[in-house]
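Just so we're clear, the structure is a prediction, and the values are computed from it rather than from any experiment. The chains referred to below are lettered A, B, ... by the order of the sequence lines, with proteins before strands, and numbering in each begins at 1.
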2 protein chains.
Amino acid sequence: MSRSLARENTRLDLSRHAARLFLERGIADTSGDQIAAAAGVATRTLWRYFRSKESAVEPLFAQSSLRFAAVLRRWPREVAIEDLFHASLGPDKQAPQDLADDILVVRLLARLADEPALRTAWLMSCHLGEEHLIEIIAERLDRPRGDFEVRLCAATVMAAIRIVDETVSLAAVKHGLKTTTAEVNEHLAQAIRRASTLPFCDPVTPRIWPDEKHAPSSAKAAQ
Amino acid sequence: MSRSLARENTRLDLSRHAARLFLERGIADTSGDQIAAAAGVATRTLWRYFRSKESAVEPLFAQSSLRFAAVLRRWPREVAIEDLFHASLGPDKQAPQDLADDILVVRLLARLADEPALRTAWLMSCHLGEEHLIEIIAERLDRPRGDFEVRLCAATVMAAIRIVDETVSLAAVKHGLKTTTAEVNEHLAQAIRRASTLPFCDPVTPRIWPDEKHAPSSAKAAQ
DNA sequence: GCGTTACATGTCACTAAATGACATTGTAAA
DNA sequence: TTTACAATGTCATTTAGTGACATGTAACGC
C-alpha cells in the first residue's frame, strides 16, 4: 500500500473515532487523548493530523462530499442531473463502510444547532466541496476556473446541497423521518436546479468552434 | 449607558484590536494575552467574550453584515433591490467608525487563502448573516421562517454576497483595484438577483387576502 | 442619602490543547 | 543488506482556555 494512502486511512480512522466520541459524550467532554487512544495512536500523532480536535471530523465530511464530487465528474454531457442521480446515487451503489460513514455524518449534522464547533468543521468542508464544484462546473461548461460566474454558481449550488443535507439530516434524526433515497435525490436535484446560476444541470452540447472540427483539445488550450 | 450595550462595545473593541494584530503579525504569532493587553482588559476577560482567539474577529464581520441586514429590513415592498442599494448604500451613508471597520474587514477577507482559521470565523459570520436573511426574505414574501424555500433562498443569496465580498476584497487589496461603491452595488445586486431562488428582489405587492381588506396584520398573525 | 443586589471584571491556580525536539520504527528502494 | 526517508512515539514545553473566588461598580428599593 502506498504511503500517502496509508496516511489517508489513518486520518479517516481517527476521524471516525472522533465523530463517534463526539456523538457519545459531546465535543467538550471528549479530549484529544481519548480520540487518539480510541484509534490506537499516540496523542502526538493526532495533533500531526489535525490542527484542532473539532477539525478531526472534517475528513469524514470531506469523504462524503468527495464521493459526491466523483459522481459529478463522471457526468456525461448529454445527461440531465436527475438522470445522473437516479443512475449513480443509491444505497446499493455504496460500500458498507461508506454507508456507515454517511450515517455518522447525518447524526453529526443533526447536532449543528447544539455544537457551534461542529458547524465550523462542517462549513469548512462545504468550502472544500465548493472548490470541487468550481472544477466540475467549469469543466462541464468549458469555462475557466477563475471565472466569477463559475465561482458564483458553485457557491450557490453548494449552499443548496448544504441546506438539503442539513434539512434531511435533522428530519431523519430528530423527527425520525425516513426519507427514501429516491426522494432525497429528487429533492437535491430540484434544489440544485433552482440554486444554479448557470445552466449546467441540463445536457450541454460541446461548444461548436468556428474554425475547427475537433474542438475539445483546443478548448482546453484556450483556458 | 445600558449594561448590555457596554458589553457589546467591549466586544467590538476587542474584535478590532484582534483584527489589527492578526493583520500585523498573523494569527499564529498573536496571543490572547496580546489582544487583551491591547484592548486594556484582563486576559480572562477575553476568554469570557470569545471561545477562541480566531473567533474574536467575528463581531467585526457580524457588525458589517448586521448593518447590511438593517438596510434590507427597511426595504419598502414597492422598491427593487437596485434602487434600495442606490439609495441606502454608500460611503457617505456611513459613520467614520463603520467605514474604518469595513476596511479592516476587507483586509481580513483578502487573507482568507493564507489563514484557514480566519475562514472559519468568516464562514460562521456568513451563517449568522444567512439567519438574518431568512427573516428578511420570509417577511418580504409573507412566508413562514421555517419554510424550506425561504431557507434555500437565504442560503444561496448569502453565498452570492459572500463571493462578491471575497472577490472585491481580494481585488482591492491584492491587485489594488479601486472599485467604486456604485460598481460594487451593481455587482452585488446582480449577483443576488441571479442567486435568489425566490422573487424577493423585485417589488412585491402585499398579498391580497380573500376575506379581508386590511391584510398586513392578519398576515403577521398567520405566520 | 444608604444598603442591597446583580453583574462585569480581575486574580490566580489549573486543565487541556497544541507544538518542538529528538529517538525509534517500519517500509521502500538501491 | 544497507541506506534513506517518512511516520510514529516519547517527553518536555508552550499556549489556549476554564474554574473558583475576590473585587469593583452601576442600577434599584428604601
Side-chain angles (χ1 to χ4, degrees), chain A residues 1-60 114-122 124, chain B residues 1-60 114-122 124:
Chain A
M1 179 181 285
S2 111
R3 223 133 190 177
S4 59
L5 190 56
R7 258 188 83 81
E8 272 318 293
N9 281 344
T10 308
R11 208 179 171 72
L12 253 176
D13 195 46
L14 277 165
S15 194
R16 291 191 186 108
H17 282 286
R20 184 176 50 76
L21 289 169
F22 287 168
L23 285 169
E24 284 174 6
R25 356 182 178 203
I27 295 185
D29 292 335
T30 303
S31 71
D33 284 324
Q34 292 174 316
I35 299 172
V41 299
T43 305
R44 186 64 181 86
T45 302
L46 175 74
W47 300 125
R48 283 214 182 80
Y49 279 90
F50 304 107
R51 51 186 159 63
S52 69
K53 66 174 178 178
E54 307 87 61
S55 71
V57 293
E58 283 179 24
L60 207 57
D114 314 317
E115 302 268 19
L118 209 53
R119 189 179 292 276
T120 64
W122 170 235
M124 284 300 269
Chain B
M1 179 182 287
S2 111
R3 224 128 198 198
S4 59
L5 190 56
R7 258 188 81 83
E8 272 319 293
N9 281 345
T10 309
R11 206 178 173 73
L12 253 175
D13 194 46
L14 277 165
S15 194
R16 291 192 186 106
H17 282 286
R20 184 176 51 76
L21 289 169
F22 287 168
L23 285 170
E24 284 173 7
R25 353 181 179 202
I27 296 185
D29 292 336
T30 304
S31 70
D33 284 322
Q34 291 174 317
I35 299 171
V41 299
T43 305
R44 186 64 182 88
T45 302
L46 175 73
W47 300 126
R48 284 214 182 81
Y49 279 89
F50 304 107
R51 50 186 160 66
S52 68
K53 64 175 177 178
E54 306 88 59
S55 71
V57 293
E58 283 179 24
L60 207 57
D114 314 317
E115 301 267 18
L118 209 54
R119 188 178 292 276
T120 65
W122 169 235
M124 283 300 269

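Of all nucleotides listed (dG9(D), dG10(C), dA7(D)), dG10(C) comes nearest to the side chain of V41(B). For T10(A), counting side-chain heavy atoms from C-beta on, the closest listed nucleotide (dA17(C), dG17(D), dT8(D)) is dT8(D). Residue R44(B) has its side chain nearest to dT18(D) when only dT18(D), dG20(C), dA18(C) are considered. The side chain of K53(A) lies closest to dA17(C), out of dG20(C), dT9(C), dA17(C).
Between F50(B) and P59(B), the shortest heavy-atom distance links the atoms CE2-CG, 3.5 Å. Across every non-hydrogen atom of L14(B) and A39(B), the tightest pair is CD2-CB, 3.5 Å.
Counting only distance, with no hydrogens or angles, the side chain of S15(A) and the backbone of L60(A) share a donor-acceptor pair below 3.5 Å.
At whole-Å resolution of the value, CG in D33(A) and P in dA18(C) are 12 Å apart. Spacing between atom CG of N9(A) and atom P of dT8(D) amounts to 11 Å, rounded to whole angstrom units. One interatomic measurement links the two molecules: CD of E54(A) to C1' of dA16(D), which rounds to 12 Å at whole-angstrom precision. The CZ atom of R7(A) sits 15 Å away from the C1' atom of dT27(C) (whole-angstrom rounding). If you measure from atom CG of L46(B) to atom C1' of dA8(C), you get 15 Å, rounded to the nearest angstrom. The distance between atom CH2 of W47(B) and atom P of dT15(C), rounded to the nearest whole Å, is 19 Å. Remark: P of dA16(D) and CD1 of I27(A) are 20 Å apart, rounded to the nearest angstrom. Between the C1' atom of dT15(C) and the CG atom of D29(A) lies a distance of 13 Å, rounded to the nearest Å.
Side chains of F22(B) and I35(B) form a contact here, defined as non-hydrogen atoms less than 4.5 Å apart. Counting heavy atoms from C-beta outward, R51(A) and E58(A) have side chains that approach closer than 4.5 Å.
Using a 4.0 Å heavy-atom distance criterion, F50(B) is classed as making no nucleic acid contact.
Within the 4.0 Å cut-off from OP1 or OP2 of dT8(D), at least one side-chain nitrogen or oxygen of Y49(A) is found. Regarding contacts with the backbone of dG9(D), a side-chain N or O of T45(A) is found under 4.0 angstrom from either OP1 or OP2.
For the pair T30(B) and T43(A), nearest-nucleotide mapping onto DNA chain D gives the more 5' position to T43(A).
Taking 3.5 Å as the limit, the base of dG9(D) and the side chain of R48(A) contain a donor-acceptor pair of atoms between them.
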